[in-house]
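Just so it is clear: chains get the letters A, B, ... in the order the sequence lines come, proteins before strands, and each one is counted from 1.
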There are 2 protein chains.
Amino acid sequence: MSEPFEALVRARLQDADQRYTTGRQALVKVLGGAQRPLTAAEIVEVGDLAQSSAYRNLAVLEACGVVHRVSSTDEFARFELAEDLTDHHHHHLICAGCGDVADFTVPDRLESMLAEVAAELTASGDFAVEDHRFDLVGRCRDCQARASA
Amino acid sequence: MSEPFEALVRARLQDADQRYTTGRQALVKVLGGAQRPLTAAEIVEVGDLAQSSAYRNLAVLEACGVVHRVSSTDEFARFELAEDLTDHHHHHLICAGCGDVADFTVPDRLESMLAEVAAELTASGDFAVEDHRFDLVGRCRDCQARASA
DNA sequence: ATTTATGCAAATCGTTTGCAAACCT
DNA sequence: AGGTTTGCAAACGATTTGCATAAAT
């Protein structure tokens with residue numbers, strides 16, 4: 001567990017007067033090892049910690065800007081490391097069939113345009129943009145196969 | 001209640017062997033009168049129908065492609081009329097403070113680019129895009145004022 | 001007449017919380 | 001020691017569901 005972002009995580013927690021406990025390290029490790037947002041159930045299973053601790057620590061990590069919450073089409077919240085820790089700006093493919101979420105990236109010229117629109121809106125004063133979501137909702141390969149079966 | 005889309009709604013329900021009952025008409029009317037997605041609680045209050053009926057009918061209307069479910073940052077689902085009924089393609093400004101959702105539109109050249117990316121992905125076969133979401137998360141005017149107070 | 005929708009109250013289930021024991025500094 | 005975190009079990013709350021009645025065709 002010597003990921004490049006470990007030090008950053010520690011710093012962010014310290015800034016918020018929070019400890020970087022074993023449980024929290026486990027969460028960061030699990031999320032850092034996944035290449036897609038995970039549900040609380042998945043995290044609990046792999047991370048080997050109580051459900052309540054998982055939720056409580058995810059909340060702490062979210063408040064410190066370490067973890068980001070992702071919503072899908074199903075009833076489960078999903079969690080991933082904040083983008084500025086992984087340095088991997090991405091968007092989500094959300095499967096309307098199974099709820100699974102996968103990461104994907106878009107061309108730079110599209111990102112610039114998204115940023116431009118956001119900047120204009122913030123400049124207007126009506127809405128201060130903090131983040132953008134560009135998600136595609138559809139069917140993953142598995143659910144396409146399932147539908148045509 | 002003679003909105004231009006009333007006939008379309010009726011047709012869609014009929015296609016799914018569903019009745020266009022008074023309760024469902026009330027829901028469509030309420031959603032048609034709002035210029036933003038509404039929570040179930042808001043709908044129940046204005047629409048004067050039981051909560052269970054509201055949820056059940058929203059589910060039916062959603063399955064028929066009449067209503068669209070929108071997720072925000074809070075725990076409440078929000079509902080709006082499907083875009084192809086209102087003929088008003090738009091995106092959402094999601095307030096991270098109060099959870100409120102407002103509609104907004106983006107320049108055509110951005111929409112084309114979004115569509116292009118979606119089409120490429122679908123062509124690849126890995127993911128069949130059915131819909132895109134471009135949402136901006138931030139602070140509405142009220143929550144900006146509240147934060148600086 | 002028969003099928004479907006309604007309202008009420010109870011159940012469901014992801015998530016949150018109270019509390020006593022274990023942990024860190 | 002003093003404050004924080006943990007795990008368990010109970011509570012919470014938005015949404016769903018069972019069932020008897022009312023409405024629609």
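- When the C1' atom of C:dG14 is taken as reference, atom CD of A:Glu45 falls 16 Å away, rounded to whole Å.
- Among the protein residues, A:Gln51 comes within range of the nucleic acid bases, having at least one heavy atom under 4.0 Å from a base atom.
- A salt bridge does not link B:Glu6 with B:Lys29: every distance from a Lys NZ or Arg NE/NH1/NH2 to an Asp or Glu carboxylate oxygen is 4.0 Å or more.
- Residue whose closest nucleotide on DNA chain D sits further toward the 5' end, between B:Glu75 and B:Thr22: B:Glu75.
- Between A:His92 and A:Glu80, the side chains place a donor N or O and an acceptor N or O closer than 3.5 Å (distance only, hydrogens not considered).
- The nearest whole Å value for the distance from the CG atom in A:Asp17 to the P atom in C:dT25 is 14 Å.
- Here the side chain of A:Tyr55 is nearest to one of D:dG7, D:dA14, C:dT16, namely C:dT16.
- Residues B:Arg139 and A:Asp126 are not paired through a salt bridge, judged by the lack of any N-O separation under 4.0 Å between the basic side chain and the carboxylate.
- For the pair A:Phe76 CZ and C:dC13 P, the computed distance is 10 Å after rounding to whole Å.
- Put simply, CD on A:Gln14 is 15 Å from C1' on D:dT4, counting in whole angstrom units.
- Residue-level contact check: A:Ala77 touches the backbone only, with heavy atoms under 4.0 Å from sugar-phosphate atoms and none from bases.
- In this structure the side chain of A:Val28 reaches within 4.5 angstrom of the side chain of A:Phe5, judged on heavy atoms.
- Closest to the B:Asn57 side chain, of the nucleotides C:dG14, D:dA24, C:dT6, is C:dT6.
- Between B:Ala50 and B:Arg19, the residue whose closest nucleotide on DNA chain C is further toward the 5' end is B:Arg19.
- Base engagement by A:Arg56 is indicated by at least one non-hydrogen atom pair under 4.0 Å involving a base atom.
- Of the candidate nucleotides C:dT15, D:dT6, C:dA5, C:dA5 has the atom nearest to the side chain of B:Arg24.
- Atom pair A:Tyr20:OH and C:dT25:C1' shows a separation of 19 Å (rounding to whole Å applied).
- C:dT6 atom C1' lies 14 Å from atom CG of B:Leu58, rounded to whole Å.
- Put simply, the side chain of B:Ser53 never gets that close to the backbone of B:Leu49: no donor and acceptor are under 3.5 Å apart.
- Applying the 4.0 Å criterion to OP1 and OP2 of D:dT5, one finds that A:Thr21 has every side-chain N and O outside that range.
- Using a 4.0 Å heavy-atom distance criterion, B:Ser52 is classed as a base contact.
- Mapping A:Ser53 and B:Ala59 onto DNA chain D by nearest heavy atom places A:Ser53 closer to the 5' end of the strand.
- If you take CG of B:Asp48 and C1' of C:dA5, they are 16 Å apart, rounded to a whole angstrom.
- Between the CD atom of B:Gln18 and the C1' atom of C:dT6 there is a distance of 14 Å, rounded to whole Å.
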